Amino acid sequence: MTRPPIRWQPDDGSAARSLTARQRQVLLLAANGNTNAAIGRRLGISRPTVDRHLSGIFRTLGASDRAQAVAIALAVGEIGVHQIHIPNEQREAAA
């Protein structure tokens, strides 16, 4: 049974909001190590559009950078740890 995601409320006191489907796509691609240019190519959007999506993600989650946005999104259930893929060479080095 899947439980619904917890809605994050940033420290600024604004109402809790969740990410849009497109923001979630962009964040997942960023979480998997893609650059803004690579995300744009993959989704068929411009790099400035990716930048705007990331800015919106940071605002919505109350994050100051990509790493913090990913950590918050994982903590509140916006994305799942199973959606982040570790490259084989890093997996082998960690073993």
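The structure displayed is predicted, hence computed values, not measured ones. Computed from heavy atoms alone, side chains included, the values below leave out hydrogens, waters and symmetry copies.
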Practice prompt. State, yes or no, whether a side-chain contact exists between H53 and I39 at a heavy-atom distance under 4.5 Å.
Written response: no

Fill in: Close side-chain approach of L61 to L19, heavy-atom, < 4.5 Å
yes

Worksheet entry | Closest contact, heavy atoms only, A31 versus V70 | CB-CG2, 3.6 Å

Worksheet entry | Any side-chain donor near an acceptor of the partner, R41 and N36, under 3.5 Å | no

Discussion item. Do L27 and E78 have side chains that approach each other closer than 4.5 Å (heavy atoms only, starting at C-beta)?
Written reply: no

Worksheet entry | Pair T49, R52: side-chain N/O donor-acceptor within cut-off below 3.5 Å | yes

Item to complete: Would you indicate whether the side-chain heavy atoms of L74 and I84 approach each other to under 4.5 Å?
Response: yes

Worksheet item: What is the distance from atom CD of Q23 to atom OG of S18, rounded to the nearest 0.5 Å?
Response: 8.5 Å

Worksheet entry | Atom pair CG (N32) and CD1 (I79), whose distance is rounded to the nearest 0.5 Å | 8.5 Å

Worksheet entry | Euclidean distance, L28 CG relative to H85 NE2, rounded to 0.5 Å | 8.0 Å

Item to complete: Using the test side chain to side chain donor-acceptor pair (under 3.5 Å), find all partners of S64 that sit at least two apart in sequence or belong to another chain.
Response: Q68

Worksheet item: Who are the side chain to side chain donor-acceptor pair (under 3.5 Å) partners of R22, not counting sequence neighbours?
Response: Q25

